[in-house]
Amino acid sequence: MLENPYDPKTIDAAAQELWERLGVHRFDAAGSAEVFAIDTPPPTVSGSLHIGHVFSYTQAECIARFQRMRGKNVFYPFGFDGNGLPTERLTEKEHGVLGRSLPRPEFVALCLATTRKYEAQFEALWRRLGVSADWSLTYSTIDERCLRISQRGFRDLFEKGEVYLKTSPTLWDTETQTAVAQAELEGKEKRTLFSDLRFDLVDGGSLTIATTRPELLAACVAVFVHPGDERHKALAGRHARVPLFGHEVPVKNDEKVDPAKGTGVVMCCTFGDKTDVEWYQKHGLPLRQAIAADGKMTEAAGPEAGLYANQARKAVLERLKAAGHLLASREIDHVVQTYERTGREIEFLPTRQWFVRVLDKKVDLIRLGEEVRWFPAHMGKRYKNWVEGLEWDWCISRQRFFGVPFPVWYCEGCEAVRVAEDQELPVDPTTRSPAGPCTACGGTRWRPERDVMDTWATSSETPQINARWGEPAGLPRSPLPMSLRPQAHDIIRTWAFYTIVKSWIHHRAVPWRDAMVSGHVQAPGKQKISKSKGNAPSDPNDLVNEHGADAVRYWALSATLGNDYVYSAEDLSRGRALGVKLWNAARLAQQHLKDFVPGRDEPAEPLDRFMRARLHATCRAVTDDLEAYEFGTAKGKVEQLFWNDLCDNYLELIKGRLHDARPERAQARRAAQAGLFDALSTIVRLLAPFVPHVCEAVWQDLFAAPLATPSVGRAPWPVAPEGWADPLAESQGATALALLTAVRRWRSEQKLSPGVPLAEATLEVGSALAPHVAAVEADVKAALRVGALAVRADPTLAPDALRLLSARALPSGPA
RNA sequence: GGGCGCAUAGCUCAGUUGGUUAGAGCGCGUGCUUCACACGCACGAGGUCGGGGGUUCGAGCCCCUCUGCGCCCACCA
């Protein structure tokens with residue numbers, strides 16, 4: 001195979017076929033080796049496969065390969081997140097339908113088809129990139145096992161009293177018409193009118209409130225002032241009449257009023273913002289709902305009924321102006337909370353939802369977060385920061401269609417909640433009734449819960465899904481806690497957080513020991529990649545077609561864990577060049593190892609031992625880096641070992657011996673062969689987690705048979721023996737390199753071709769180099785093509801300095 | 001306003017516990033078709049490590065401060 005030119009397409013396909021055939025990446029369910037279990041992120045089936053996916057998945061994948069070579073029994077599943085709103089929206093877009101306008105089964109079927117289609121695309125790309133997942137462990141968050149475990153999770157929460165049903169003002173998206181969670185909010189800066197409105201007091205006089213939401217006047221239920229605000233001391237306890245709508249509302253004191261904002265007088269509506277919700281509950285205010293679930297004004301809004309909130313805002317301002325109640329109006333920029341999936345402003349609607357208790361667990365959740373080892377460490381602070389800032393329990397019910405149903409019915413007689421028994425799972429309560437009558441009232445008529453769960457309610461159970469929590473024995477499963485959670489930093493507040501919440505409630509333990517958190521890919525110029533800007537780099541499939549899987553991996557692994565990374569086509573080229581270089585070095589090795597007998601000879605010459613010393617140092621450093629998930633620096637060190645130490649230096653220095661056919665030099669030649677074999681077989685293994693395809697090709701042709709290891713993917717991770725460390729050989733090597741550089745520089749200055757042999761060169765060297773010249777002279781002379789090397793020590797030079805006094809080229813060849 | 005991170009060669013980035021002339025790749029200059037490789041080889045140019053102050057015998061690394069950039073959170077009065 002190595003006779004052919006380097007061709008990633010052929011190499012990639014051959015390596016992937018081999019891995020599949022040998023089952024190199026299979027988890028050994030019966031194995032006794034230590035398990036390394038990876039909680040792979042199940043990507044959302046959102047329709048767009050982009051370079052960001054490749055980036056973070058490759059980084060974790062490299063760790064899987066490393067741990068497998070270290071002898072660990074690697075549990076590396078793949079998962080797909082088909083659940084939820086992203087899939088629904090994609091399906092709606094692709095089919096030009098609206099979920100709520102179709103019969104539910106029909107829409108769910110469409111969603112399933114969409115999911116399958118994109119799952120296949122994702123899997124194809126991951127396989128092409130050489131992702132070493134055990135595909136037999138694959139799950140999809142909408143398959144039966146995930147449904148069952150997700151519902152089992154809910155049952156556990158219910159039995160432990162950690163989930164509750166509550167009717168209260170809830171974060172609501174008016175486009176998708178569902179409740180959402182705090183973690184799904186996104187602040188957006190918007191320009192709006194900030195208006196001063198005159199309210200007349202019932203007993204005479206007036207007050208002025210400032211608001212950005214005049215359309216909520218119809219929902220105004222109170223007016224608040226700060227108790228310490230001297231300007232408004234006389235207001236509290238009196239009543240004001242709401243302009244246009246005429247109802248009377250009390251004026252009350254509350255510490256939460258900021259006297260410095262607006263006029264220091266604020267109206268409370270049900271509901272404009274979170275403070276309104278708090279005041280509504282704290283002061284026992286009545287409910288006046290002016291906005292409906294679809295974002296349109298209700299009948300309570302009078303003439304504005306049926307308008308969207310932003311339309312109503314303009315209309316109300318017009319009417320206020322006409323009525324003389326609009327005193328002032330100015331434009332301000334302020335941040336409003338929107339739903340991240342639709343970009344629409346969040347409303348607060350009183351609805352009945354299921355909540356998971358999290359606010360009462362902040363202390364435990366922070367402590368648990370501290371038990372996890374975060375890489376890089378500062379990502380742990382982001383988690384802590386989020387937990388500390390929590391203000392709502394986790395709302396897990398969604399008024400949507402495609403998702404895991406709640407395994408819940410309500411008794412028509414007494415409203416008792418019935419949760420399905422474990423053996424009934426998975427269950428769709430809309431198609432089945434519970435067994436037996438209501439235990440509370442004996443009723444037999446049930447109303448199913450029609451909501452589905454938040455996507456995160458299922459994906460937060462990925463450790464349990466991988467562990468087949470509560471499932472019958474027999475199938476391969478992960479231990480808990482898992483070893484590693486790889487993910488990107490933008491979902492610390494969701495995926496990482498919710499997973500820790502569930503793990504705490506279910507098991508009182510961390511879900512995984514380590515979390516490696518990757519950064520984001522940025523477009524050239526450090527721009528955020530966005531569809532609207534159209535600055536996304538090429539489709540990953542095109543990149544693999546063009547440069548090969550190893551080059552794409554190389555790029556992703558050039559980053560530092562946790563840091564954002566700018567996409568660069570140049571790095572892809574460099575990755576490809578590395579493949580070419582390794583391919584060619586292997587060809588050279590193959591040529592010189594034809595008559596090599598492994599294990600017969602030691603790489604005993606000084607420069608052979610020098611190469612071993614370099615291998616020793618690099619193996620240790622690279623292993624430490626990878627243990628700490630520092631794949632970028634690890635890759636750099638291996639690359640330097642390969643390109644500089646091996647190719648540029650060692651190979652050049654032993655070529656003379658490798659070509660020397662004289663019988664008296666046979667021993668020296670065999671030592672060079674042994675050195676070459678050691679070096680290349682070690683380096684190929686060190687490179688394998690990064691660029692596995694070309695490494696596998698080289699391994700097959702050179703090392704699989706002699707080392708009796710059928711795939712580099714299962715080759716033992718190189719741990720260079722202590723004996724390879726060799727300070728003397730390092731000094732000798734340094735001397736050889738100094739001599740090489742000096743003569744090369746002279747050649748360059750003389751503008752001589754390196755091919756022109758030199759008759760002789762005379763040098764002076766410092767005291768640190770002088771003792772080692774003799775040991776390396778033969779190899780150096782051969783590498784430099786110099787006939788005679790006259791070297792003398794000069795005590796006046798710095799110890800490691802060197803000076804070339806003269807050199808003489810041979811007369812050019814016989815013309 | 002709160003939290004976190006980043007600021008090192010033209011570009012993209014490394015710099016381990018503070019220690020001699022600060023590194024890499026790309027790009028750039030010069031020379032080379034040298035029997036593995038021109039996706040290559042050799043040699044070279046290029047940085048007052050964002051500004052200021054401090055600790056230290058010594059700071060790119062530690063402390064303070066300022067500036068710029070990014071992300072997260074809060075801010076719907």
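First the proteins, then the strands, lettered A, B, ... as listed; each starts at 1.
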Can you see whether A:Trp746 has A:Arg803 sitting over its ring - NZ or CZ less than 6.0 Å from the centre and within 45° of the normal? no

What nucleic acid atoms does A:Trp643 come within less than 4.0 Å of, heavy atoms only: base, sugar-phosphate, or nothing? sugar-phosphate

So, using salt bridge (Lys or Arg N to Asp or Glu O under 4.0 Å) as the criterion, who are the partners of A:Lys282 when residues are at least two apart? A:Asp254

List the residues meeting ring pair (Phe, Tyr, Trp, His ring centres under 6.0 Å) with A:His547, not counting sequence neighbours, and say none if there are none. none

Close N or O pairs between protein and nucleotides 44-47 of chain B (under 3.5 Å):
unit_1	atom_1	unit_2	atom_2	d
B:G44	OP1	A:Arg745	NE	2.7
B:G44	OP1	A:Arg745	NH2	2.8

Partners passing salt bridge (Lys or Arg N to Asp or Glu O under 4.0 Å) against A:Asp393 (at least two apart in sequence or in another chain): none

My understanding is that only residues two or more places apart in sequence, or in another chain, count here; which of them pass ring pair (Phe, Tyr, Trp, His ring centres under 6.0 Å) with A:His520? A:His489

Is it possible for you to check whether A:Lys274 lies under 6.0 Å from the centre of the six-membered ring of A:Trp392, through NZ or CZ, and within 45° of that ring's axis? yes

Pairwise C1' distance for B:G40 and B:G58, with rounding to whole Å: 43 Å

Looking at A:Phe224, does the NZ or CZ of A:Lys256 lie under 6.0 angstrom from its six-membered ring centre and within 45 degrees of the ring axis? no

Within residues 546-563 of chain A, find the residues that approach RNA chain B with a heavy atom at under 4.0 Å, and present them sorted by residue number. A:Thr560, A:Asn563

Mind checking what makes salt bridge (Lys or Arg N to Asp or Glu O under 4.0 Å) contact with A:Arg198, not counting sequence neighbours? A:Asp200

Given B:G40, B:G70, B:C76, the nucleotide with the shortest approach to the side chain of A:Phe348: B:C76

Contacts of type side-chain contact (heavy atoms from CB on, under 4.5 Å), residue A:Arg620, not counting sequence neighbours: A:His616, A:Glu722

Of the options B:C39, B:C75, B:G5, whose atoms approach the side-chain atoms of A:Lys381 most closely? B:G5

Which residues pass the ring pair (Phe, Tyr, Trp, His ring centres under 6.0 Å) test with A:Phe642, not counting sequence neighbours? none

Hey, which sits more toward the 5' end of RNA chain B by its nearest nucleotide, A:Thr192 or A:Ala183? A:Ala183

With sequence neighbours excluded, what pairs up with A:Tyr339 under the ring pair (Phe, Tyr, Trp, His ring centres under 6.0 Å) test? none

Under a 4.0 Å heavy-atom criterion, the protein footprint on nucleotides 32-37 of chain B, written with B, S and -, is S-BBBB

Canonical and wobble pairing (Watson-Crick, G-U, under 3.5 Å) of RNA chain B, dot-bracket with |: (((((((..((((.....[...)))).(((((.......))))).....(((((..]....))))))))))))....

Counting only heavy atoms not in A:Lys581, do more than 12 fall under 6.0 Å of its NZ? yes

Taking the same atom, C1', in B:A45 and in B:G29, what whole-Å distance lies between them? 7 Å

So, is A:Gln337 close to the B:A74 phosphate, meaning a side-chain N or O under 4.0 Å from OP1 or OP2? yes

So what does A:Val756 touch, heavy atoms closer than 4.0 Å: a base, only the sugar-phosphate, or nothing? nothing

Answer yes or no: is there a donor N or O on one side and an acceptor on the other, between the side chain of A:Asp550 and the main chain of A:Val694, under 3.5 Å? yes

Between B:C61 and B:G44, how far apart are the C1' atoms? Round to whole Å, please. 30 Å

Quick check for you: among B:A74, B:C75, B:C41, whose closest atom lies nearest to any side-chain atom of A:Gln182? B:A74

Parallel, tilted or perpendicular, judged at 30° and 60°: which one describes the rings of A:Trp394 and A:Tyr498? parallel

Side chain of A:Arg574 - closest among B:A74, B:C43, B:C26: B:C26

